[in-house]
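Step one of this worksheet: look at the structure below.
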Amino acid sequence: MFQQHTVDFADKPAAYRELAGQLEALLAGERDLVANAANTASLIWHGLPDLNWAGFYFLKEGELVLGPFQGKPACVRIALGRGVCGTAADRRESLLVEDVHAFPGHIACDVASRSELVVPLVRGDALLGVLDLDSPVPSRFDETDRAGCEQLARIFLASLS
Ligand code: SME
């Protein structure tokens, strides 16, 4: 049985290294997309402080469709180029939004959300989807979170092949 240890975010880079190691151990030996996405969302949800949503959207027939997540029920379909998720997916670049109210076209799945970090999942030339994290705290995410979550997304992607 996998046991998640509490990570101390007083040292953020160290905390992300610890989470990355936990995620590698959690996903080892399993390649199933839904299973690994579900466990990744859960590990992030329990590992990172101050989140109100953590999960995946996967690209299906040209739009993003809700995947495994933790948090309140969310919007199911997001067009490429729409909202924070669709914009990050379209640009294939992670997007850190300090104040979602100031982001044109932000899609409010949960009115409590104030800041957001979206990491696109790209395999070779193919866009697989996005990893999306929301927080009720304004400016919750910084560049260390961006780098840390990009690393978690790479570990998730690597587990699939
Ligand atoms: N806020 C996102 C939509 C997804 S939910 O936050 C889970 C967006 O603007 O794309």
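Index from 1, following the sequence. Here the structure is a predicted model, which means the values were calculated and not measured. Counting starts at 1 for both ligands and their atoms, following the listed order. Atoms considered below: every heavy atom in the structure, side chains included; atoms not considered: hydrogens, waters and symmetry mates.
Counting only heavy atoms from C-beta outward, the side chains of D110 and D134 never approach each other to under 4.5 Å. Residues L160 and R31 form no side-chain contact, since every pair of their non-hydrogen atoms from C-beta on lies 4.5 Å or further apart. The closest side-chain heavy-atom distance from L59 to L80 is below 4.5 Å.
A salt bridge links D145 and R140; the closest N-O separation between the charged side-chain nitrogens and carboxylate oxygens is under 4.0 Å. A salt bridge links D142 to K12: at least one charged side-chain nitrogen sits closer than 4.0 Å to a carboxylate oxygen.
Between L19 and F9, the closest heavy-atom pair is CD1-CZ, 4.1 Å. Nearest heavy atoms, A41 versus A54: CB-O, 3.7 Å.
Shown in contact with D134 at under 4.0 Å from a heavy atom are these atoms of ligand 1, numbered in order with element: 6 (O), 7 (C). Listed by number with element, the atoms of ligand 1 under 4.0 Å from a non-hydrogen atom of H106 are 1 (N), 9 (O). Listed by atom number, the atoms of ligand 1 under 4.0 Å from G83 heavy atoms are 9 (O), 10 (O). For ligand 1, the atoms sitting less than 4.0 Å from at least one non-hydrogen atom of E116 are 1 (N), 2 (C), 6 (O), 8 (C), numbered in the order shown with element in parentheses. Heavy-atom proximity to D132, at under 4.0 Å, picks out these atoms of ligand 1: 4 (C), 5 (S), 6 (O), 7 (C). Heavy-atom contacts of I78 reach the following atoms of ligand 1: 3 (C), 4 (C) (cutoff under 4.0 Å). Short contacts between ligand 1 and C109, defined as distances under 4.0 Å to a heavy atom of the residue, involve ligand atoms 3 (C), 4 (C), 5 (S), 7 (C).
The single protein non-hydrogen atom nearest to atom 1 (N) of ligand 1 is I107 O, 2.7 Å, given as residue, atom name and distance.
For CZ of R146, the number of neighbouring non-hydrogen atoms (other residues, nucleotides, ligands) closer than 6.0 Å is greater than 12. The number of heavy-atom neighbours closer than 6.0 Å to CZ of R92, taken from other residues, nucleotides and ligands shown, is above 12.
Below 3.5 Å of separation, one finds no N or O of A108 facing any N or O of ligand 1. Any N or O atom pair closer than 3.5 Å counts here, and R82 shares no such pair with ligand 1. For ligand 1, the polar-atom distance check finds no N/O of G86 at less than 3.5 Å from any of the ligand's N/O atoms. For ligand 1, one of its N or O atoms has an N or O atom of C85 under 3.5 Å away.
If you look at V84 next to ligand 1, the close heavy atoms, those under 4.0 Å, come from the backbone and the side chain alike. No part of T87 comes within 4.0 Å of ligand 1, judged by heavy-atom distances. Heavy atoms of D110 found under 4.0 angstrom from ligand 1: none, in either backbone or side chain.
In this structure, Y57 is part of the shell of residues with a heavy atom less than 4.0 angstrom from ligand 1.
Exactly one residue among F56, Y57, W45, W53 makes a ring-ring contact (aromatic ring centres under 6.0 Å, His included) with F69. That residue is W53.
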